[in-house]
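A, B, ... follow the sequence lines: proteins, then strands. Residue 1 opens every chain. As the structure is a computational prediction, the values presented were derived from the model and not from experiment.
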Protein chains: 2
Amino acid sequence: MKEGPDIAQIGALIGDPARANMLAALTGGRALTATELAGVGGITLQTASTHLAKLEAGGLLSQRKQGRHRYFTLADEAAARLIESMMGFAAGRGHLRHRPGPKEPALRKARICYDHLAGDYGVRMLDSLIASGAIEAVGEGLALTEKGESDLARIGIDVGNLRSSRRPLCRSCLDWSERRAHLAGSLGKALLASFLDKGWARRTAESRSITFSPEGDRQFLRLFPVEM
Amino acid sequence: MKEGPDIAQIGALIGDPARANMLAALTGGRALTATELAGVGGITLQTASTHLAKLEAGGLLSQRKQGRHRYFTLADEAAARLIESMMGFAAGRGHLRHRPGPKEPALRKARICYDHLAGDYGVRMLDSLIASGAIEAVGEGLALTEKGESDLARIGIDVGNLRSSRRPLCRSCLDWSERRAHLAGSLGKALLASFLDKGWARRTAESRSITFSPEGDRQFLRLFPVEM
DNA sequence: TTCATAGTTCGATCGTAACCGAAGCATTGT
DNA sequence: ACAATGCTTCGGTTACGATCGAACTATGAA
């Protein structure tokens, strides 16, 4: 009965609390150094180093050295989606790490999921794009319409440019806090990037959460209204 | 930095080889007793019992007792999809449990994935359904067309009946051996059930693989041709 | 009743892996 | 050249959990 892929290996990799914390932190999208990751894992640098080596060998992480720092990121989008899907499953079963803390609400409102917007705002954005006919939804699949392409051009997003990448334009990603889909893919990435670029929102220092400025908040809600 | 769901818990659950083997076996869809699962896990009954209790507490398994037996199955489709997605990731990284064995080819050709057809035949079936216009694909999403509904009625599948269930009709599921999508959802389940019912194929005793009879093989290939 | 099969619980053993201190490289800055 | 920072490797300790034997409960059969 030893058929098929070895899920125990990656399960064990994710199964250690220190490693899981590091992976969760990296879902925030920014590259972190070994020392920073040791911090989020609650362990010393030595221990973190061996953990990171294992995660890299297992194909979950990739590193690039820059000067005397070593920056770690999730290996690719597939790794990010695996972690996110595990979060979704865990959240659905009530496996939370503690009772909701002070930072929790901010995290539920808007956060980074690898490289796109998640949380209440992420779900709202996708809902609004579908309601306005910019994106067409079939089952779990998403496709940008012609109307969507021109709508997006108007707010400064060049879709033609995004198409050239091998990565899918639209992808739906299950949000673990909202339990509904939000927009991933290169378009999801581009939208978040534009919000940050416009100064509507910024990433918080040591967390996955995203904070909107009062002005940015207003613009965002105007751009992506909820239908009644 | 202790935000969000606890992925370490379920990671650790899947991370033990014995438990992972049991879960993989249960992906075959049929309910197995504790003794059988002890067998696939390569452990004694006592050990298996504690493992199964943990898996159930973690929300991955559910059991129903029947006489003096205790039948275990994956808790629900979400659990099945989590396992499958981990298999997909593991296979993509080359984390195999051994060099391809004798049973491997049969498994790659046709196997059960929770309750629907997977492997080469599963992928072929979906490809053919899309090519014939029975199913429309948008991104990762799948939708049955009117033509598809009448096509299916002709081979004895009542789609209206399936729609009444809360479960989605069409779902795409990533195949770990083919690395492409096959058809899941209640329609995927119904199709496999009809093949088994017609005697075209049958499940093998102790494995996830499915064997087609010569006649069933011919019928299947006629029904789901590959376009050139 | 008695026996057999299926499964759980307890207790003890044992192995592995997480962990950290200390020492060793590598890179940058002065 | 020297010091400081970032990270890795080595060695030894420790703790947790997987494992099984043995005893116990439950269901079914003779």
Can you tell me the distance, in whole Å, between the [atom1] atom of [X] and the [atom2] atom of [N]?
| X | N | atom1 | atom2 | result |
| --- | --- | --- | --- | --- |
| A/I14 | C/dA18 | CD1 | P | 14 Å |
| A/L32 | D/dG6 | CG | P | 14 Å |
| B/E36 | C/dT5 | CD | P | 16 Å |

Taking only residues at least two apart or on different chains, which pairs with a member in residues 184-208 of chain B satisfy ring-ring contact (aromatic ring centres under 6.0 Å, His included)?
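Pairs touching residues 184-208 of chain B that pass the test: B/F195-B/W200, B/F195-B/F220.
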Does anything in residues 156-175 of chain B pair up under ring-ring contact (aromatic ring centres under 6.0 Å, His included), and if so which pairs, sequence neighbours excluded?
none
If you take all heavy atoms of B/A201 and B/I210, which pair is closest and at what distance?
CB-CG2, 3.7 Å
Under 3.5 Å between N/O atoms: give me all the protein pairs with nucleotides 15-21 of chain D, atom names plus distance.
from   : atom 1 : to    : atom 2 : distance (Å)
D/dA18 : OP1    : B/R19 : NH2    : 3.0
D/dA18 : OP2    : B/K54 : NZ     : 2.7
D/dT19 : OP2    : B/H51 : NE2    : 2.5
D/dC20 : OP2    : B/T44 : N      : 3.1
D/dC20 : OP2    : B/T44 : OG1    : 3.0
D/dC20 : OP2    : B/T47 : OG1    : 3.0
D/dG21 : N7     : B/Q46 : NE2    : 2.5

Side chain to side chain contact (heavy atoms under 4.5 Å, CB included) partners for B/L32, two or more places apart:
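Partners of B/L32 by the side chain to side chain contact (heavy atoms under 4.5 Å, CB included) criterion, ordered by chain and then number, come out as B/A25, B/L26, B/R30, B/E36, B/L37.
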With sequence neighbours left out, which residue pairs that include part of residues 82-91 of chain A fulfil the side chain to side chain donor-acceptor pair (under 3.5 Å) condition?
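For residues 82-91 of chain A, and leaving out neighbouring residues, the side chain to side chain donor-acceptor pair (under 3.5 Å) pairs sorted by first residue read A/E84-A/R208.
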Nucleic acid contacts - residues 63-73 of chain A versus DNA chain C, non-hydrogen atoms under 4.0 Å:
A/K65, A/G67, A/R68
Check side-chain hydrogen bond (donor to acceptor under 3.5 Å, both in side chains) between [X] and all other residues, then give those that pass, not counting sequence neighbours.
| X | answer |
| --- | --- |
| A/R19 | A/H51 |
| B/Q46 | B/T44 |
| B/Y121 | B/D217 |

